[in-house]
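All ligand and atom numbering here is 1-based and tracks the order in the structure. This structure is a prediction, so every number in the text was calculated from the model and none was measured.
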Amino acid sequence: MSHSDLTAPQIDELESDATPHAPEFAFDPSDPWTQTFQRALEKADLAGKRVYEVGIGTGANAAFLLRLCGAARVSGSDLDPRMADLAERNVQSLAPEQAHLFHPVHGAVSLIDTPEAQEEIAQTDAVIGCLPQVACPGDPRFDAFRKLHRTELGEGADVREDDHIAHYYPWTEFEEFPFNAVGLGLNEALLRRLRARAPKADVILNFGARVGVPVLFDMFEANGYTPEKLQGQIVRQHAGTDISFFVALEKALGGTGLDHDFRCAFYRDPAGAEPISASEAQQMLDADREAAIYHEVCTIRGRPV
Ligand SMILES: C[S@@+](CC[C@H](N)C(=O)[O-])C[C@H]1O[C@@H](n2cnc3c(N)ncnc32)[C@H](O)[C@@H]1O
């Protein structure tokens with residue numbers, strides 16, 4: 001049964017007992033990022049489809065796809081080798097009747113870079129993912145970029161939290177991809193690999209749209225996909241993710257003539273009515289580490305052209 005066949009109280013009841021086990025090292029799926037993503041997955045007509053999640057995390061989306069979207073088969077993998085086991089346990093407890101339809105790829109898998117992942121991907125109708133879009137503090141190229149643009153890391157950003165790889169990616173490793181310049185190298189690398197390995201699959205990706213939705217659309221189009229926004233929501237900037245990357249980016253583009261086209265999309269308010277730049281957002285955080293700043297999270301579906 002899909003969500004669309006249920007009444008609102010039935011949906012609330014189903015979702016209230018759909019809380020996965022989420023240890024400190026995993027991305028917390030009660031976060032509004034995951035809510036946005038799951039609202040989009042409901043709209044994506046995935047009933048009867050084979051779906052692969054790159055960066056499977058706790059398996060919350062896998063259970064959701066099987067239990068509420070009617071997916072025929074769900075697979076997935078993660079760079080953190082603990083995630084496939086965790087996801088398997090969570091799918092077993094959250095979607096016991098459909099758990100036999102879940103086939104995670106075990107081990108550490110970056111993007112889809114193992115033979116097992118590629119074999120699954122070749123039989124997949126849709127690939128989903130919510131991958132990091134912020135350069136890792138301490139990355140050598142990012143260090144040099146910040147120094148060049150006189151930008152300090154935010155307070156505490158050099159402390160490596162347990163869920164570090166859920167929020168940051170190694171910027172230097174993805175420099176061959178043009179959209180790496182705005183923090184989208186990992187996502188663009190995935191699009192390129194999917195064009196080669198699963199050329200007919202739809203790709204549904206969840207983003208923090210801090211570089212603006214038009215840039216995200218540009219990345220899909222530049223890589224052979226027609227983009228469509230399925231869902232969007234203004235959320236509070238995650239307190240554990242440093243935004244100095246976006247500050248340095250604004251400084252890098254300032255004065256080039258591109259600064260009118262490019263300005264990061266943060267907000268002072270939860271309605272998203274008062275835009276502020278990344279530099280203004282960082283000033284607010286420098287004055288008060290608990291300051292509330294916001295940005296959009298949105299889910300985009302790319303259909304192969
Ligand atoms: C923001 S979390 C999202 C987790 C889950 N998809 C969700 O929506 O709740 C990002 C996930 O991507 C994984 N990840 C980070 N870099 C990756 C890479 N290069 N390849 C595969 N997974 C990666 C992280 O370990 C983490 O589980």
Side-chain angles (χ1 to χ4, degrees), residues 18-42 44 51-65 69 74-88 90-91 94 102 104-114 116-118 120-121 126-136 139 160-174 177 180 183-194 197 203-210 230-231 233 235 237-238 240-241 295 297-300:
T19 308
H21 173 56
E24 288 290 298
F25 60 79
F27 184 74
D28 177 3
S30 63
D31 192 284
W33 281 64
T34 305
Q35 286 165 14
T36 307
F37 201 8
Q38 294 187 351
R39 293 291 82 78
L41 296 176
E42 278 179 86
V51 185
Y52 190 102
E53 180 167 26
V54 178
I56 194 137
T58 57
N61 295 330
F64 185 84
L65 286 163
C69 302
V74 174
S75 185
S77 50
D78 203 289
L79 181 57
D80 184 332
R82 293 171 290 190
M83 297 303 176
D85 297 337
L86 176 64
E88 213 157 40
N90 275 324
V91 169
L94 299 175
F102 182 51
V105 173
H106 289 269
V109 184
S110 182
L111 299 175
I112 54 165
D113 298 349
T114 67
E116 294 87 346
Q118 284 162 13
E120 275 289 340
I121 286 278
V127 177
I128 73 167
C130 174
L131 292 169
Q133 301 139 46
V134 182
C136 182
D139 176 272
R160 196 182 164 99
E161 304 286 350
D162 286 348
D163 60 351
H164 183 86
I165 67 165
H167 299 280
Y168 299 109
Y169 76 99
W171 204 41
T172 305
E173 285 176 30
F174 292 86
F177 299 100
N180 197 44
L184 295 171
L186 192 54
N187 281 274
E188 187 171 30
L190 176 62
L191 291 181
R192 298 255 179 118
R193 283 156 165 78
L194 292 176
R197 300 275 174 189
V203 186
I204 302 169
L205 299 178
N206 203 38
F207 296 98
R210 288 162 291 212
L230 293 177
Q231 188 71 20
Q233 164 175 207
V235 304
Q237 168 65 38
H238 190 279
T241 307
H295 65 85
V297 166
C298 73
T299 314
I300 298 175

K.L.:
Quick check against the 3.5 Å criterion: does D78 have a side-chain atom that pairs as donor or acceptor with the backbone of M83?
P.N.:
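Judged by distance alone, no pair lies under 3.5 Å.
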
K.L.:
Knowing that exactly one of L190, V54, L184 qualifies, which makes a side-chain contact (heavy atoms from CB on, under 4.5 Å) with L205?
P.N.:
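So, applying the side-chain contact (heavy atoms from CB on, under 4.5 Å) to L205 and each of L190, V54, L184, only L190 qualifies.
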
K.L.:
Taking the minimum heavy-atom distance to atom 7 (C) of ligand 1, which of L79, N61, D78, I112 ranks first?
P.N.:
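Looking at heavy atoms only, N61 sits closest to atom 7 (C) of ligand 1.
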
K.L.:
Less than 4.5 Å apart, any side-chain heavy atom of R193 and any of D113?
P.N.:
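R193 vs D113: side chains touch.
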
K.L.:
Any side-chain heavy-atom pair from V105 and Y52 closer than 4.5 angstrom?
P.N.:
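Yes, their side chains come closer than 4.5 Å.
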
K.L.:
Within the 4.0 Å heavy-atom shell around T34, which atoms of ligand 1 are there?
P.N.:
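Per the distance check, 9 (O).
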
K.L.:
Taking heavy atoms and a distance under 4.0 Å, where does F37 meet ligand 1: side chain, backbone, both or neither?
P.N.:
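For F37, only side-chain atoms sit under 4.0 Å from ligand 1.
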
K.L.:
To check your reading of the model: name the closest protein heavy atom to atom 20 (N) of ligand 1, its residue, and the distance in Å.
P.N.:
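Sorting protein heavy atoms by distance from atom 20 (N) of ligand 1 puts L111 N, 2.9 Å first.
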
K.L.:
Sub-3.5 Å donor-acceptor pair from the side chain of Q133 to the main-chain atoms of L131, do we have one?
P.N.:
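Present.
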
K.L.:
Check whether any N or O atom of I56, backbone or side chain, sits under 3.5 Å from an N or O atom of ligand 1, and answer yes or no.
P.N.:
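N/O-N/O distance below 3.5 Å does not exist for this pair.
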
K.L.:
Against heavy atoms of E53, which atoms of ligand 1 measure under 4.0 Å?
P.N.:
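Atoms satisfying the 4.0 Å criterion: 5 (C), 6 (N).
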
K.L.:
Short list, please: which atoms of ligand 1 are under 4.0 Å from a heavy atom of L131?
P.N.:
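Selected atoms, number and element: 12 (O), 22 (N), 23 (C).
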
K.L.:
Nearest protein heavy atom to atom 15 (C) of ligand 1, by residue and atom, and its distance?
P.N.:
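Here the nearest protein heavy atom works out to I165 O, 3.1 Å.
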
K.L.:
Return the residue, atom name and 0.1 Å-rounded distance of the protein heavy atom closest to atom 19 (N) of ligand 1.
P.N.:
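Scanning the protein heavy atoms, the shortest distance from atom 19 (N) of ligand 1 goes to S110 OG, 3.2 Å.
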
K.L.:
So which of G55, A62, C130, P170 gets nearest to atom 5 (C) of ligand 1, if we judge by its closest heavy atom?
P.N.:
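Minimum heavy-atom distance to atom 5 (C) of ligand 1 goes to G55.
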
K.L.:
I'd like to know if the side chain of N90 reaches the main chain of G59, judged simply by a donor and an acceptor atom lying under 3.5 Å from each other, with no hydrogens or angles considered.
P.N.:
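It does not hold such a pair.
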
K.L.:
If you count the atoms of ligand 1 from 1 in the order shown, which ones are under 4.0 Å from a heavy atom of V109?
P.N.:
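In order of numbering, the contacting atoms are 20 (N), 21 (C).
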
K.L.:
Should the proximity of L186 to ligand 1, defined as any heavy atom under 4.0 Å, be assigned to the side chain, the backbone, both, or neither?
P.N.:
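Contact part for L186 vs ligand 1: side chain (C-beta onward).
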
K.L.:
Please work out whether any backbone atom (N, CA, C, O) or any side-chain heavy atom from C-beta onward of P132 is under 4.0 Å from ligand 1, and answer side chain, backbone, both or neither.
P.N.:
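Just the side chain.
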
K.L.:
Taking everything shown except R192 itself, do over 12 heavy atoms lie less than 6.0 Å from its CZ?
P.N.:
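Yes, enclosed.
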
K.L.:
Start with the C-alpha distance between N61 and I56, add both sets of side-chain angles, then the distance that settles side-chain contact (heavy atoms from CB on, under 4.5 Å), and finish with yes or no.
P.N.:
CA-CA 8 Å; N61 295 330; I56 194 137; over 6 Å; no

K.L.:
Where does the angle between the aromatic ring planes of Y169 and F174 fall among parallel (under 30°), tilted (30 to 60°) and perpendicular (over 60°)?
P.N.:
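It falls in the perpendicular class, over 60°.
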
K.L.:
Side chains of N180 and E188: donor-acceptor distance under 3.5 Å anywhere?
P.N.:
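Looking only at side-chain atoms, E188 and N180 do not form any donor-acceptor pair under 3.5 Å.
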
K.L.:
Return the residue, atom name and 0.1 Å-rounded distance of the protein heavy atom closest to atom 1 (C) of ligand 1.
P.N.:
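Of every protein heavy atom, A166 O, 3.2 Å lies nearest to atom 1 (C) of ligand 1.
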
K.L.:
For ligand 1, which atoms sit closer than 4.0 Å to a heavy atom of G57?
P.N.:
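Numbered from 1, ligand 1 contributes 27 (O).
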
